[in-house]
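Notes for the one structure printed next.
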Amino acid sequence: MLLEPFHRIDKIEICRKKPSISCKTKRIKLIIFSSICFSFLQINAQKSISVKYVDNDDFIIDGVLDEAMWAEAVPTSGFTEYFPTDSKQAEYQTEMRMMYNEGFLYIAVKGYAPGKNYRTPSYERDFSISGADIVNLMFDTYSDRTNAFLFGINPFGVEREGVIYRGGVTGDLDLNWNTKWKGESQIYDGYFISEIKIPMSAFKFKAGTTTWKFSAMRSDTQSNTKSSWSRVPQNQNQLNIGYFGDMIFEKPLQRSRNPISLIPYVTPSYLNEHYKGEKSFEFKAGFDAKIPIKSSLMLDLTVLPDFSSDDVVSGTNNVTQFEIKQDETRLFFIDNGDLFNGFGNTDNALPFYSRRVGFAKDSLGADVVVPLTVGAKFTGKINNKLRIGVLDVQTEDDKGEDIPSNNNLVIAAEQKIFNKSNISMFFINREATNFNEESTGTKYNRVAGTDFNFFSKDNSIDGRAFFHKSFTPGIDSDAISAGTDLNIEKRDYSLGFTTQYVDNGFVSDLGYLKRVDILRANPSVKYNLYPKSDAINTIIFNASYNGYWKASGGNDLSEGYTALGAEVNFTSGALLSLTANKNYEYLYTPFDPVGAKGKGKPVPVGGYDTVDFDLDFNTDRRKAFWMEGTATYGSFYTGDKFSADVKFQYRYQPLFYVSLQIQYDDIKLPEPYSSGQIWYVGPTLNVTFSKTLFFNTDVQYSSQSDSFLLVSRLQWRYAPLSDVFLTYTDTDRTSPFVPVERGVFLKVTYWLDIVRKNRG
């Protein structure tokens, strides 16, 4: 049978007779008292959902709840608005029911809406939810409020999954994590229904447990609201695991025999290297494997991995002295990746940055790609409080660049303390396995350290303290990196204070270091206003100072950035902010911001005071056409600079979307220094033929590097998590136009699960 909509009690009859003044007074008092109690319970009560055990698997996942078992499941609802307000029940509610057995978790979601005009950017898995309808279901299977699994589905049955890490306090979510599951949706008058079936083997949990932490969040574009099953204040992130409720199973969970997953691939390719005058045909093969060790530990293996089907990393103009950090998209490094990548300061000093594995420095200090030959990773929970990880990857040598082969080892452990906090430790060892006197770099680089991460019980305070030390041949200084970070988040204001010290001798070959030889202090403050306006949701005033002093030689100020701004968030989802910046930067070496195209002299050594203004904006992303961007104008070293970074996107739902990113820097410095205009143009076309067939083209043009890149990729998902990719790449120099490299790659992957029977 199809489940009927749940009914709300809209009125409570207190007095059946004609109300007297006394009765009216009692009614008013009761209403006020009830409202206070409701608000108190919403803020303090721990929500729960009962998950009923079912001893069969007679579910057809089609978005039609006509199985008799669904009538026995206990429904839960009562979603609270998160946006545009966080103080009332959502007008258009969401109802959930859950059932389970040893093999699967079954979920039914019923979402009410004003109409049928739901929005999605495409039918592609792991779609962007910006301006789209979505229901996200989140499971903290160890109830440790540290990590959680996320499964999302929209009214069209498009799926997404990921892992929430670092407690979700700042919205940390990795959508590159994948697992097999099934979901389907149907749209009805006034509501949609999603039906979901997730293998218990997709989760990691302790056998015998009866409770997980759980929450759900929904975005409804038609009513322009966001809501959560377990109430989350608007000043906190909806992914914050600290606000999860309880998911109570009828019977203790049994340990499932998780399948062994083998993901082999073959890649025939044709490459025309114009710059060498060589053409070649290659055939590569390799595999990844996931081997469960109990239900909470996983051994990942990779042999001759190939990354030709990875997403294209967006380019950008870079007029700073620093490298730009990118996200990790390679399958082997994703699962439990936060355990290795989460140490130190994410902006300035990461001791381990997984994208560094597979790259090395040549004799000129430039990055060179070095293939990975084999890798192993062992991660998971020893118990409810201890998580461990060991990662070891071997990379090839490059005799032409005198780059030796290297073994890259990382060992990490994370121990939960208090309610949500943890202490973590790590050891990193990059060691050359065939080092000689002509080799670039050093024979080894080792880093060890510990981090303390604190999260208060009420989610209003989080902090971090870390201490790291590196060991490198030829460096006898302290080689220390240390720092603290404290954040206080209240509804009306937030305070932050970051400190950092990085010794001049601190080196992490597998890390991400923007600055060394620094002392840093970064206080910040925000004040939030919630105006009673139909158009404006919040107004945020912010101020900060970010100062860097040279750690050696008198502690002179090397960089200082003072910012004062205001941000207006509209109820439509649009944003507008203006920030004034007063900056100081001391150049210790001459620097040419125009780059290789600069025809003048570099800016000389010295200190430079500048002032500029930033304007940030984005329009309503629910619309078919939306845009976002930043514009900056002000003084720049000895001259002026105007910068703009704007993205436009148009969606023709659900067939395609096209986007265009434009970056422009106009640098004007007095002679004899370099001036110039720098362009980056990056159009993207994404076509959805069906839920299994997609076409994507990325184009990148950079005047700074005189380069043109075209990547076109046809993807056919012929089985769950199994794909055929046909990719064409074209790389050219543009001034003058010279072909550099063109290639065609065919990659076939298959995700094979070898199911193991439970031991009797």
Side-chain angles (χ1 to χ4, degrees), residues 119-132 158 175 221 309-320 324-327 329 570 572-577 594-595 597 614-633 641-667 676-689 693-715 727-735 737 740 742:
R119 295 173 175 86
T120 184
S122 77
Y123 283 159
E124 192 169 3
R125 194 184 186 105
D126 290 339
F127 63 96
S128 170
I129 66 170
S130 180
V158 186
L175 288 173
T221 61
S309 64
D310 283 349
D311 292 335
V312 177
V313 176
S314 298
T316 183
N317 288 347
N318 188 1
V319 296
T320 73
I324 295 173
K325 187 160 64 74
Q326 304 285 357
D327 292 334
T329 60
F570 297 90
S572 66
L575 175 148
L576 184 66
S577 73
V594 182
K597 296 189 67 175
D614 287 337
L615 178 68
D616 295 279
F617 66 93
N618 68 256
T619 62
D620 185 351
R621 296 190 181 187
R622 297 173 299 156
K623 304 293 185 182
F625 175 80
W626 60 265
M627 59 187 295
E628 63 181 1
T630 300
T632 304
Y633 178 75
K641 178 171 72 72
F642 170 77
S643 296
D645 184 353
V646 184
K647 182 178 182 180
F648 308 89
Q649 181 167 305
Y650 175 76
R651 177 187 72 246
Y652 186 77
Q653 180 176 309
L655 297 179
F656 74 87
Y657 71 83
V658 60
S659 65
L660 175 63
Q661 182 178 3
I662 299 175
Q663 295 182 6
Y664 173 70
D665 290 282
D666 184 10
I667 298 173
Q677 297 176 335
I678 303 172
W679 287 89
Y680 170 84
V681 181
T684 295
L685 171 65
N686 184 286
V687 181
T688 301
F689 298 105
L693 187 62
F694 316 99
F695 176 74
N696 189 83
T697 293
D698 286 280
V699 177
Q700 297 182 7
Y701 164 71
S702 172
S703 67
Q704 189 174 31
S705 58
D706 284 329
S707 65
F708 173 88
L709 173 66
L710 168 69
V711 180
S712 286
R713 182 176 64 186
L714 182 67
Q715 177 187 358
T727 305
Y728 171 75
T729 65
D730 184 352
T731 306
D732 305 285
R733 291 290 180 189
T734 58
S735 184
F737 183 85
V740 175
R742 289 171 183 169

So, taking the atom named CG in L714 and the one named OG1 in T697, what distance separates them when rounded to the nearest 0.5 Å? 9.5 Å
Please say which of D666, T632, D665 ends up in a side chain to side chain donor-acceptor pair (under 3.5 Å) with S643. D665
Provide the closest heavy-atom pair for T688 versus S122 in the form atom of the first, atom of the second, distance. OG1-CB, 3.2 Å
Just do the side chain to side chain contact (heavy atoms under 4.5 Å, CB included) check on V658 and F648 with the steps written out, would you? CA-CA 8 Å; V658 60; F648 308 89; over 6 Å; no
Salt bridge present between D732 and R742 (N-O < 4.0 angstrom): yes
Going through the checks in order, is the side-chain hydrogen bond (donor to acceptor under 3.5 Å, both in side chains) test met by Q661 and Y680? CA-CA 8 Å; Q661 182 178 3; Y680 170 84; 4.9 Å; no
Parallel, tilted or perpendicular for Y633 and F642, by the 30°/60° rule? tilted
Can you see which heavy atom on S707 is nearest to which on R733, and at what distance? CB-NH1, 4.5 Å
Please evaluate residues Y728 and L710 with respect to the criterion side chain to side chain contact (heavy atoms under 4.5 Å, CB included), reporting the C-alpha separation (whole Å), side-chain torsions for both, the decisive distance (0.1 Å), and the verdict. CA-CA 8 Å; Y728 171 75; L710 168 69; 3.9 Å; yes
Measure across V594 and G676 and return the closest heavy-atom pair with its distance rounded to 0.1 Å. CG2-N, 4.2 Å
If every non-hydrogen atom of T734 is compared with every non-hydrogen atom of Y701, which pair is closest and at what distance? OG1-CE1, 3.8 Å
For the atom pair CZ (F708) and CD (Q700), what is the distance rounded to the nearest 0.5 Å? 10.0 Å
Distance from Y657 atom OH to L685 atom CG, nearest 0.5 Å? 9.0 Å
Check whether any side-chain N or O of Q653 sits under 3.5 Å from a backbone N or O of T120 as a donor-acceptor pair, and report yes or no. yes
Is it the case that the side chain of R621 and the backbone of A574 share a donor-acceptor pair, with hydrogens and angles ignored and the cut-off at 3.5 Å? no
Where do L576 and L615 land on the side chain to side chain contact (heavy atoms under 4.5 Å, CB included) test, with the steps shown first? CA-CA 7 Å; L576 184 66; L615 178 68; 3.8 Å; yes
What's the spacing between Y650 OH and L660 CG if we round to 0.5 Å? 15.5 Å
Please give me the minimum heavy-atom distance between P121 and A132, naming the atom from each residue. CD-CB, 3.8 Å
List the atom of T221, the atom of R622, and the distance in Å for their closest heavy-atom pair. O-NH1, 3.0 Å
In Å, rounded to the nearest 0.5 Å, how long is the span from CZ of F617 to CE of M627? 4.0 Å
Mind running side chain to side chain contact (heavy atoms under 4.5 Å, CB included) on S659 and K647 for me, showing each step along the way? CA-CA 7 Å; S659 65; K647 182 178 182 180; 4.0 Å; yes
Would the distance check show the side chain of R119 and the main-chain N or O of K623 forming a donor-acceptor pair, the cut-off being under 3.5 Å? no
If you count the non-hydrogen atoms of other residues, nucleotides and ligands that lie under 6.0 Å from OH in Y652, is the total more than 12? no
Interatomic distance, CG@N696 vs CG@D698, rounded to 0.5 Å, equals 5.0 Å
